[in-house]
Amino acid sequence: MNLIKRVFREFLENRFYILFIFSFLVQLLAYGYSLITAFFFMEQFTFNRLMTFICILAVFYIFQSLFSGLVRIYSEKKARVYQRSLRRKSLVTILHMPSEKIINLGLQYIKEIVTDANNQLYTIVSSYLTSVVNVIVGLIVLTISLSKQSIWIAVAALILIGLTILANFRLLKKKVKLAKEYFNMNASYRAMVNDVQNNTLTIKKLDAEEYFAQKIDYNSKDVDIKGVEKTAYDVQCQWIFDVFTYSILLIILGSIAYILYKDPSYGALFWVIFYTGIFSQLKGQISAVTQSIQSVVDFRISMQRYDDLMAECNMEEVSLLHKKWKDITVSNLDFTYQSSGHSIHVDKFFIQRGDHISLTGPSGSGKSTFLGVLRGELEYRNGEISYDTRKKTRIVPYIEDCVFISQALNLFNDTLRNNLCLGHELSDDEIYKLLDEAGMKEWAMSLPQGLDSMISENAANLSDGQKMRIKILRGIIGGREIVIMDEPSSNLDLKSSEQIRDLICNDLKDKTVIISTHDPDLVKICNRHYVTDKDGNITEFIPNHEGDYPIKVNQ
C-alpha cells in the first residue's frame, strides 16, 4: 500500500497524468486502423467508398505519425527532467550520510542502489501506467467488435483475460523471492567488479591479477545460477500466460467458424484477419501488463533497498550532534594499515568545544592517519569516539561536524567565487572582506573578471599560499564547528604562513581547531597539544611551565 501511495504521489506531483492522457490517445490511434477498416468492410465496397477509405487512411497515418512523434519527444523530456530530480534528491541525502556508512557500504554499491531505484521508479510511474492504458483501450476495441458477433463471446473473452492476469498475480510470491535474491547478488557482484576496475593499477602493482580474476569468476557463478533460475521461472509463467491467451483466440475464431456454419454468406475471412491482427496486438499489451507485474516486483525490491539506504542518513541525529555537543573524547583507539602494518594508538584524546589543538611529531608517525580516522576517511579497529551532548553521552564512529583542510585537498575548475562559497550565499562585500583578512583582496580585484574569474584545473594559476588560504576561507564560510587542518603551512613562504596564522586566530577563534603541523608559530597559537612518537602512540603534552611547548618556538 505504501508503494502504491508513493507511485500515486509521484504521479501527481510530477504531472504524469499529462503523459497518461497522451499515451491513451496514441494507443487509441494505434487501434484506429482496425476500427476504420472494420467500419468500411461492414458494407459492400464501391469505387467511391474505396477512395474515401484511402483518403481517410492517408489523413489518419499523417496525424498519427505527427502526434506520436510529439508525444515521444515530450516523454523523453519528461523522463530526463524527472530522472535528474531523482538523482539530485538522492545525492544530497547520501552526501549527508555519516562517513561510517559510506565506508562500510562502499560508494559503488551505493551508486548501484540509487541508480536502480531511480530507474525502477520512473519505469513504474510512466511505462507501467502506459501499459495499463494500452490494455484498457485494446479491451474496449475488442469488446465492441466481439459484441457485433456475440455478446457471450465478448464476455467469455473478458473473463479469460481476467483469469490470465489473475494467474500471473498468483505466481507473484515466488517471483518476488527469486528477483530479490538475484537483485542483491547482482548488485554486490557489479559493485565488486567496478571496484576492481577502478583499482586496476594498484592490483597490477601488487601482482594480484590472477587472485582478483578468480574472485570475480567465483562470485559471477552464483549470480549466473540465480539468473538462470529466475529466467526459467519467468518462462514457466509465460507458458501459463500463452495457454490462457491462445485459448481466448481459439474461442473467438471458433465462434467465427460457428457463425459461418450457420450463415454461409457471412464474411468470415475478413473477421478472421481482423481478430487475428487485433488480438495479436492486444496479446502484446496484455503480456506487457502481466510482465509489468515483474516491474512491480523489481520496483518493490529496489525501493526497499533504497529506503534502507536512505534510512542510514539520520539527518536529525547528525544535526543534533552539531548543535548540542560540548566535548568529544577519543578512547583506546587503534588503527592499523593492513598493507604496511603501521599502526597508531590513542589512550585518550580530549576535544573541548572551542579548543585549538596542535598535533606534532616525526614525519610518518601517524598524524595524518589519526586525522583521517577522526573525519571518517579511515575505519578504526578498536576504541570509541564519544560526544558529550550535555544531557547524555553518544557513541559515534567518527566526527561528523567538521571540515577538513589539507595541501592535498583540490580546488575545483570553477570561478573563484564558487570555490570559496561552495553554494553558500555571500555578497561581494562579504567575500572581499574575508579575502582582505587573508591578504588576497587586491589580488582578487586585479583578476580580469574579479570574483568570477576561473581557477584553472588543479589551480595551476595559483601559488601554494593562495591555494591554502582559499581552502581555509571556504572552511570558514562553511560554518562547521570543527576545523581539521593537515600541515596548512607546509612549504609556504613566511608571509603566507603569517596570513594563515592570522586567519586561524581571527576568523576561527570561536571554532574548535585541530592542526597537524611542524610549524612552531602554529603550535604557539594552540591552547592544548598532542604528540605522536615513532611507534604511532599519541599522547597529550602537559607543559611544565608557561611557555613550554612540544616543539621549540620563538618567544
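Worth knowing before you read on, the calculation uses all heavy atoms, side chains too, and leaves out hydrogens, waters and symmetry mates.
At a threshold of 4.0 Å, the pair D388-K326 does not count as salt-bridged, since none of the basic side-chain nitrogens sits closer than that to a carboxylate oxygen. Taking the charged nitrogens against the carboxylate oxygens, E540 and R528 do have a contact shorter than 4.0 Å, which makes a salt bridge. Under 4.0 Å is where a charged nitrogen must lie from a carboxylate oxygen, and between E430 and K433 no such pair does.
K348 and S331 form a side-chain donor-acceptor contact under 3.5 Å, judged by distance and modelled atom types alone. For the residue pair D355 and N527, a side-chain donor N or O sits within less than 3.5 Å of a side-chain acceptor on the partner. Residues D502 and N506 bring no donor and acceptor atom of their side chains to less than 3.5 Å of each other. Under 3.5 Å, the side chains of S497 and S489 contain no donor-acceptor pair of N or O atoms. The closest side-chain donor-acceptor pair between D334 and H345 falls under 3.5 angstrom. A donor-acceptor contact under 3.5 angstrom links the side chains of D486 and S368, judged on distance only.
Distance check, rounded to the nearest 0.5 Å: CG of D510 to CZ of R353 gives 11.0 Å. Of the inter-residue distances, the one linking I455 atom CD1 with K467 atom NZ reads 10.0 Å to the nearest 0.5 angstrom. Expressed to the nearest 0.5 Å, how far CG of L359 lies from SG of C526 amounts to 10.0 Å. Here the CG-CD1 distance, from L503 to I476, works out to 5.0 Å after rounding to the nearest 0.5 Å. The distance from the CD1 atom of I405 to the CG atom of L473 is 9.0 Å, given to the nearest 0.5 Å. Within the model, atoms CD of Q499 and NZ of K495 stand 5.5 Å from one another, a figure rounded to the nearest 0.5 Å.
S446 places a side-chain N or O within 3.5 Å of a backbone atom of W443 that can act as its donor or acceptor partner. Judged purely by atom type and a 3.5 angstrom limit, D436 has no side-chain atom pairing as donor or acceptor with the backbone of Y432. Without hydrogens or angle criteria, H356 side chain to L508 main chain gives a donor-acceptor distance under 3.5 Å. A donor-acceptor pair under 3.5 Å is formed between the side chain of D519 and the backbone N or O of D521. Q466 contributes a side-chain N or O that, together with a main-chain N or O of S463, makes up a donor-acceptor pair within less than 3.5 Å. Remark: the backbone N or O of N537 is paired with a side-chain donor or acceptor of D533 at under 3.5 angstrom. A distance-only check finds a donor-acceptor pair linking the side chain of Y530 to the backbone of F350 [under 3.5 Å]. Side-chain atoms of R469 come within 3.5 Å of backbone atoms of A438 as a donor-acceptor pair (strictly under, hydrogens ignored).
Listed here is the closest heavy atom pair of D217 and S220: O-OG, 2.8 Å. Residue T336 comes nearest to S343 through the heavy atom pair OG1-CB, 3.3 Å, listed as atom of the first residue, atom of the second, then distance. In plain terms, the two heavy atoms of G450 and L416 that are nearest each other are O-CD2, 4.5 Å. Shown here for P488 and L522, the closest heavy-atom pair between the two residues is CG-CD1, 3.7 Å. Contact between I431 and C421 at its shortest, heavy atoms only, is CD1-SG, 3.6 Å. Here the closest heavy-atom approach between residue I344 and residue G366 is recorded as CG2-CA, 3.8 Å.
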Begin from the C-alpha positions of D347 and I538 and carry the test side-chain contact (heavy atoms from CB on, under 4.5 Å) through to its verdict. CA-CA 8 Å; D347 282 326; I538 301 177; over 6 Å; no
Q. Is there a side-chain contact (heavy atoms from CB on, under 4.5 Å) between L420 and L435 once you walk through the steps?
A. CA-CA 10 Å; L420 285 167; L435 287 169; 4.1 Å; yes
Practice item. Begin from the C-alpha positions of I385 and T329 and carry the test side-chain contact (heavy atoms from CB on, under 4.5 Å) through to its verdict. Key: CA-CA 6 Å; I385 298 175; T329 303; over 6 Å; no
side-chain contact (heavy atoms from CB on, under 4.5 Å) between E437 and D507: does it pass, once the steps are laid out? CA-CA 9 Å; E437 294 174 7; D507 292 273; 2.5 Å; yes
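Between F541 and H529, the angle of the ring planes goes over 60°, which puts this pair in the perpendicular group of the 30/60° scheme.
L371 places a side-chain heavy atom less than 4.5 Å from the side chain of I514. At least one side-chain heavy atom of M485 sits under 4.5 Å from a side-chain heavy atom of V483. Within the 4.5 Å cutoff, side-chain heavy atoms of R501 are placed close to those of C505. Using a 4.5 Å cut-off on side-chain heavy atoms (C-beta onward), E487 and S516 make contact. Inter-residue side-chain proximity for S406 and K471 is flagged as unmet; no heavy-atom pair is nearer than 4.5 Å. Using a 4.5 Å cut-off on side-chain heavy atoms (C-beta onward), L426 and L434 make contact. By the 4.5 Å heavy-atom criterion applied to side chains, I500 and I472 are counted as neighbours. Inter-residue side-chain proximity for K226 and K221 is flagged as unmet; no heavy-atom pair is nearer than 4.5 Å.
Taking the six-membered ring for Trp, F349 and F370 have ring centres closer than 6.0 Å.
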